[in-house]
Amino acid sequence: TTDLLTTSLALSPSALTLLVQADFADRNVTGRSDSSLSVFVQNFGLWSTRLRVPRTAFYPAPGVDSALIQMEPRGAGTFCAPSVLQDVLRKSFHARRKKVANSWKNAPGRLDANQLAVAAAAVGIDDQLRADEIPPESYFALVNWIDRHPVDTERPFDGRHDPDSS
């Protein structure tokens, strides 16, 4: 389901409606930061559960209920760059029960933990929170800050260099 959803979103649909397992809908169409996927999909539009479909509506009946979920895209596109958001979310949710500062240090990926810490401070994110305690809008602001402040790959990012001062 995750692959179908992310692949569909990559096509920039004018609207998207999917029938998924009800528990998937409950976890990912929340408007909160319950998972990296729930934050990621919110970048594309406003999600809602349109209809609950009981398992008895199918033959043979599956073991779970279903839900019809729908996305209405934002008029101005996404809040932030999806590829950078995906990188940030992978690092942030790498160790779900740890503070994001620790998760950023231990997770693989192209984004540096120091860069993320500086960016988080710049947009008002407390890096001592767990990933699911940070609102989706804060992740979008973090990604936009990173996009506006690229790291000089010739010089290691140590957190002391202010990209705005160059």
Do [X] side-chain atoms and [Y] backbone N/O form a donor-acceptor pair below 3.5 Å?
{"X": "Ser103", "Y": "Lys98", "answer": "no"}
{"X": "Trp47", "Y": "Val41", "answer": "yes"}
{"X": "Lys105", "Y": "Ala113", "answer": "no"}
{"X": "Thr7", "Y": "Leu4", "answer": "no"}
{"X": "Glu72", "Y": "Gly45", "answer": "no"}
{"X": "Tyr139", "Y": "Ala131", "answer": "yes"}

Let me confirm one number: the [atom1]-[atom2] distance from [X] to [Y], rounded to the nearest 0.5 Å.
{"X": "Leu129", "Y": "Lys99", "atom1": "CG", "atom2": "NZ", "answer": "9.5 Å"}
{"X": "Gln70", "Y": "Leu19", "atom1": "CD", "atom2": "CG", "answer": "12.5 Å"}
{"X": "Thr1", "Y": "Asp23", "atom1": "OG1", "atom2": "CG", "answer": "9.0 Å"}
{"X": "Asn28", "Y": "Gln21", "atom1": "CG", "atom2": "CD", "answer": "11.5 Å"}
{"X": "Met71", "Y": "Thr17", "atom1": "CE", "atom2": "OG1", "answer": "8.5 Å"}
{"X": "Leu18", "Y": "Leu5", "atom1": "CG", "atom2": "CG", "answer": "6.0 Å"}

Might you point out which heavy atoms bring [X] and [Y] nearest each other, and give the distance in Å?
{"X": "Ile125", "Y": "Ser138", "value": "CD1-O, 3.4 Å"}
{"X": "Val20", "Y": "Ala25", "value": "CG2-CB, 4.0 Å"}
{"X": "Leu16", "Y": "Leu9", "value": "CD2-CD2, 4.0 Å"}
{"X": "Ala67", "Y": "Thr49", "value": "CB-CG2, 3.9 Å"}
{"X": "Ala120", "Y": "Trp104", "value": "CB-CH2, 3.7 Å"}
{"X": "Ser35", "Y": "Arg27", "value": "OG-O, 4.4 Å"}

Exercise. Do any pairs count as a side-chain hydrogen bond (donor to acceptor under 3.5 Å, both in side chains) and have a residue in residues 52-64, sequence neighbours left out, and if so which ones?
Worked result: Asp26-Arg52, Arg55-Asp65

In a table with atom names and distances, give each donor-acceptor pair under 3.5 Å that connects a side chain of residues 78-90 to protein atoms at least two apart or in another chain.
unit_1 : atom_1 : unit_2 : atom_2 : d
Thr78  : OG1    : Cys80  : O      : 2.9
Asp87  : OD2    : Arg110 : NE     : 2.6
Asp87  : OD2    : Arg110 : NH2    : 3.0

Problem set entry | Non-hydrogen side-chain atoms of Leu37 and Phe24 separated by less than 4.5 Å | yes

